Amino acid sequence: MNDVDLCVWVADAQPGDKIVYYTGHLSRDRLPHSEGYSEPVRRKIGELGNAAWMLGEENWVHLVQRRVSTGCWDYIAVRKAEMPKLKPVYRIIQSLAAKGAKEKRSSSAEPTATVNATGPPA
């Protein structure tokens with residue numbers, strides 16, 4: 001599953017529907033370490049985790065976890081009953097666009113180093 005798949009599921013789901021959108025250790029799997037995933041896979045995991053978080057913040061889903069084994073969880077989205085005005089994919093696109101515009105304005109004002117979760121300052 002990726003971030004778009006999750007948004008599509010949320011748009012079509014009925015209140016109370018559940019989906020396991022990730023199994024593993026989401027915070028660890030998105031960071032570089034010796035036993036971790038490649039950078040493109042980590043990026044996709046991060047995008048999925050960010051989309052789930054935004055959907056929770058926008059009151060589309062409840063986010064819960066179920067322990068599978070030591071260091072491994074099912075990450076579950078449960079569709080809420082409230083119906084925000086815009087479809088979830090549009091809210092996420094708007095949020096990402098606003099964030100990108102804000103970052104672009106701040107970077108054009110004065111050159112600064114940026115730090116991201118996948119590497120050293122740029």
Side-chain angles (χ1 to χ4, degrees):
M1 173 169 279
N2 63 34
D3 53 339
V4 175
D5 295 333
L6 181 60
C7 291
V8 169
W9 175 83
V10 169
D12 294 336
Q14 298 299 311
D17 287 353
K18 301 174 188 172
I19 190 168
V20 175
Y21 64 91
Y22 187 75
T23 300
H25 192 297
L26 191 58
S27 62
R28 182 189 65 206
D29 293 347
R30 66 195 302 178
L31 298 174
H33 56 88
S34 62
E35 300 171 6
Y37 295 105
S38 67
E39 196 277 329
V41 173
R42 288 193 319 267
R43 187 176 336 117
K44 292 292 183 189
I45 292 169
E47 290 168 357
L48 177 59
N50 292 344
W53 186 260
M54 284 186 203
L55 289 166
E57 289 289 308
E58 294 289 335
N59 291 317
W60 282 95
V61 295
H62 294 286
L63 299 175
V64 296
Q65 299 171 4
R66 178 179 50 224
R67 186 174 181 182
V68 175
S69 64
T70 302
C72 183
W73 288 266
D74 280 339
Y75 293 83
I76 304 165
V78 181
R79 182 67 166 86
K80 285 186 173 183
E82 295 95 27
M83 299 296 271
K85 292 181 181 180
L86 291 176
K87 295 224 178 262
V89 70
Y90 299 125
R91 296 291 293 181
I92 288 179
I93 290 169
Q94 286 178 335
S95 176
L96 294 173
K99 181 180 176 186
K102 182 178 177 183
E103 288 174 358
K104 186 176 180 181
R105 283 193 303 271
S106 68
S107 67
S108 64
E110 155 183 339
T112 59
T114 57
V115 178
N116 62 42
T118 59

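Every value quoted in this text rests on a predicted model; they were computed, and no experiment measured them.
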Separation between CG of Leu55 and NE2 of His62, rounded to the nearest 0.5 Å: 13.0 Å
Cluster check Trp73, Ile76: I/L/V/M/F/W/Y, side chain < 4.5 angstrom: no
Euclidean distance, His25 NE2 relative to Arg30 CZ, rounded to 0.5 Å: 12.0 Å
Gap between atom CD of Glu58 and atom CE of Met54 - 0.5 Å precision: 9.0 Å
Partner set under salt bridge (Lys or Arg N to Asp or Glu O under 4.0 Å) for Lys44, not counting sequence neighbours: Glu47
Short side-chain to backbone donor-acceptor contact, Asn50 and Gly46, under 3.5 Å: yes
Non-hydrogen side-chain atoms of Arg79 and Trp9 separated by less than 4.5 Å: yes
Check: Pro32 and Arg42 side chains under 4.5 Å, non-hydrogen atoms: yes
Identified side chain to side chain contact (heavy atoms under 4.5 Å, CB included) counterpart of Tyr21 within the set Val10, Leu63, Val61: Leu63
Same cluster (ILVMFWY, side-chain, under 4.5 Å), Trp53 and Ile19: yes
4.5 Å side-chain heavy-atom contact, Ile45 and Tyr37: yes
Leu6 side chain near Leu48 side chain, heavy-atom distance below 4.5 Å: yes
Distance-only side-chain donor-acceptor flag, Tyr22 / Asp29, under 3.5 Å: yes
Closest contact, heavy atoms only, Ala51 versus Asp3: CB-CB, 3.6 Å
Leu26 CG to Cys72 SG distance, which is reported to the nearest 0.5 Å: 11.5 Å
Qualifying salt bridge (Lys or Arg N to Asp or Glu O under 4.0 Å) pairs, either residue in residues 69-78, two or more places apart: Arg66-Asp74
